[in-house]
Amino acid sequence: AGATLEMALESVIAQDSDCEWEAVVVNDGSADNTYDVCQAYAARDDRIKIFTQANRGTGAALNEAAHHATGEFLVQLGADDLLDSAYMRKTNALIKTHPTYDVYASNALRLYESGETSPCLKGGFFKKKREITFEDLIWSNKIYGTAAIRRTLFWRVGGFQAGFYNEDYDLWLRLLIEGAQACFQPEYLAFYRVTQGQKTENTIKVRRGDIAILQSLLKTRKLSEKQRILIKLSCKQLQLKIVLKKMLGKR
């Protein structure tokens, strides 16, 4: 991630807030200049901490970072993500005005190489501040990855699980099953840099990953019968979308 990590870290350093923060960077067996970029930033700012491990995948790398984190809240920031300069200030304001929630989410913008942008989360659902429930998430992932999570709750559910294509969706669902409450604000407080070859580019794999996550949830005893029915309906809907994609020759 050497090509994008620098901008990701710059977006953290450039926050227009006096919030205390630390950036825990895990170099997950990168074969490029990622480690050199990490070292340069750690030397420049002692709030940036670097850890290196053999490649174990996204979920394992994020869990390793969380093990070293000391703050009350965790925010996952991929090397292809950027935080808006107001992210910390506005998220902190949301936490102070709504202190009973456990997950604080916002919208984000897809940032294309041309410089154009488009919302990551589209539709009327995302036009106003609201609570996001477990039932809302059954139909699709409605929480962008840079949401702030209470660290104690993150570990209560065991952090990220390995083996899923879109591990953050699995995390949000497990958090809400455990009774976490999620608050959404409609402002665009992060950017997802769209480049060729990203794993989210293959929507069929993403939907298959969602099906695997939803089916795994059926094993828990904490679901109501209504929730089980909704999960099965969502899986069927996702399977239909995959069939249609294949018929149209799309990924």
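Just so you know, residue 1 is the first one in the sequence shown, and it goes up from there.
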Asker: Using side-chain heavy atoms (C-beta onward) and a distance below 4.5 Å, is N92 in contact with S17?
Answerer: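 N92 vs S17: side chains apart.
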Asker: Tell me whether the NZ or CZ atom of R208 lies within the 45° cone about the ring axis of Y165 and under 6.0 Å from its centre.
Answerer: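 So R208 doesn't make the cation-pi contact.
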Asker: Which pair of non-hydrogen atoms, one from V194 and one from E113, has the smallest distance, and what is that distance?
Answerer: O-CG, 3.7 Å
Asker: Could you go through D210 and Y169, starting from their C-alpha distance and side-chain angles, then the distance that decides it, and tell me whether this counts as side-chain contact (heavy atoms from CB on, under 4.5 Å)?
Answerer: CA-CA 8 Å; D210 289 349; Y169 184 35; 3.2 Å; yes
Asker: Within a strict 4.5 Å, meaning less than it, do heavy atoms of the L5 and Y41 side chains meet?
Answerer: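 No, side chains not in contact.
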Asker: Under the 6.0 Å and 45° cation-pi test, does K142 pair with F184?
Answerer: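 So K142 doesn't make the cation-pi contact.
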Asker: Under 4.5 Å between any side-chain heavy atoms of L238 and W139, yes or no?
Answerer: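 No. Closest side-chain heavy atoms not under 4.5 Å.
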Asker: Quick one, L171 with R174, criterion side-chain contact (heavy atoms from CB on, under 4.5 Å). Give me CA distance, side-chain angles, the key distance, then yes/no.
Answerer: CA-CA 5 Å; L171 176 66; R174 287 186 292 112; 4.0 Å; yes
Asker: Going by an N to O cut-off under 4.0 Å, is there a salt bridge joining E178 and K222?
Answerer: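 A salt bridge links E178 with K222.
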Asker: Using every non-hydrogen atom in the two residues, find where D16 and A86 come nearest and quote the distance to one decimal.
Answerer: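 In terms of heavy atoms, the two residues are closest at OD1-CA, 3.4 Å.
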Asker: Could you tell me which non-hydrogen atom of L173 sits nearest to which non-hydrogen atom of F134, and how far apart they are?
Answerer: CD2-CE1, 3.6 Å
Asker: What are the two closest heavy atoms between W172 and A147, and how far apart are they?
Answerer: CH2-CB, 3.9 Å
Asker: According to a hydrophobic-cluster definition based on side-chain heavy atoms being under 4.5 Å apart (Ile, Leu, Val, Met, Phe, Trp, Tyr only), do W21 and L74 belong together?
Answerer: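 Result: no, two separate clusters.
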Asker: For I213, is there any backbone N or O sitting under 3.5 Å from a side-chain donor or acceptor partner on S216?
Answerer: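 Pair found, side chain donor or acceptor close to backbone of I213.
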Asker: Is it true that E187 and R89 have a side-chain N and a carboxylate O under 4.0 angstrom from each other?
Answerer: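 R89 and E187: not salt-bridged.
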Asker: Which label fits F160 and F154: parallel for a plane angle under 30°, tilted from 30 to 60°, or perpendicular past 60°?
Answerer: perpendicular
Asker: Going by the rule side-chain contact (heavy atoms from CB on, under 4.5 Å), which residues pair with K122 if we only count those two or more places apart in sequence or in a different chain?
Answerer: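 K122 satisfies side-chain contact (heavy atoms from CB on, under 4.5 Å) with P119 only.
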Asker: Would you call P186 and N107 a side-chain contact if the rule is heavy atoms closer than 4.5 Å?
Answerer: no
Asker: Check whether D80 reaches the backbone of Y192 with its side chain - one donor and one acceptor, N or O, closer than 3.5 Å.
Answerer: no
Asker: Could you walk me through whether I138 and L233 pass side-chain contact (heavy atoms from CB on, under 4.5 Å), step by step?
Answerer: CA-CA 9 Å; I138 288 173; L233 287 173; over 6 Å; no
Asker: What I'd like to find out is whether the side chain of V12 reaches to under 4.5 Å of the side chain of M88, using heavy atoms alone.
Answerer: yes
Asker: Can you tell if the side chain of N166 reaches within under 4.5 Å of the side chain of K205, non-hydrogen atoms only?
Answerer: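 Answer no - side chains too far apart.
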Asker: L9 and D45: side-chain contact (heavy atoms from CB on, under 4.5 Å), yes or no, with the steps?
Answerer: CA-CA 10 Å; L9 290 173; D45 193 318; over 6 Å; no
Asker: On a heavy-atom basis, which atom in I149 and which in L175 lie closest, and how many Å separate them?
Answerer: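 Where I149 meets L175 most closely, the heavy atoms are CG2-CD1, 3.9 Å.
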Asker: Indicate yes or no: does R150 engage E72 in a salt bridge with an N to O separation below 4.0 Å.
Answerer: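 Counted as a salt bridge, because a side-chain N and a carboxylate O are separated by less than 4.0 Å.
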Asker: Heavy-atom distance under 4.5 Å between the side chains of D84 and K90, does that happen here?
Answerer: no
Asker: A quick test of your reading: do over 12 heavy atoms of other residues, nucleotides or ligands sit less than 6.0 Å from OH of Y35?
Answerer: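 No, OH of Y35 has 12 or fewer neighbouring heavy atoms, counting only those of other groups under 6.0 Å.
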Asker: Can you give me the closest heavy-atom contact between L189 and S106, atom names plus distance?
Answerer: CB-OG, 3.4 Å
Asker: Would you please test E6 and R193 for salt bridge (charged side-chain N to carboxylate O under 4.0 Å, His left out) and show each step?
Answerer: CA-CA 13 Å; E6 186 171 342; R193 298 180 65 193; over 6 Å; no
Asker: When you compare the side chains of T58 and E167, does any donor N or O come within less than 3.5 Å of an acceptor on the partner?
Answerer: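 Side chains of T58 and E167: no pair found under 3.5 Å.
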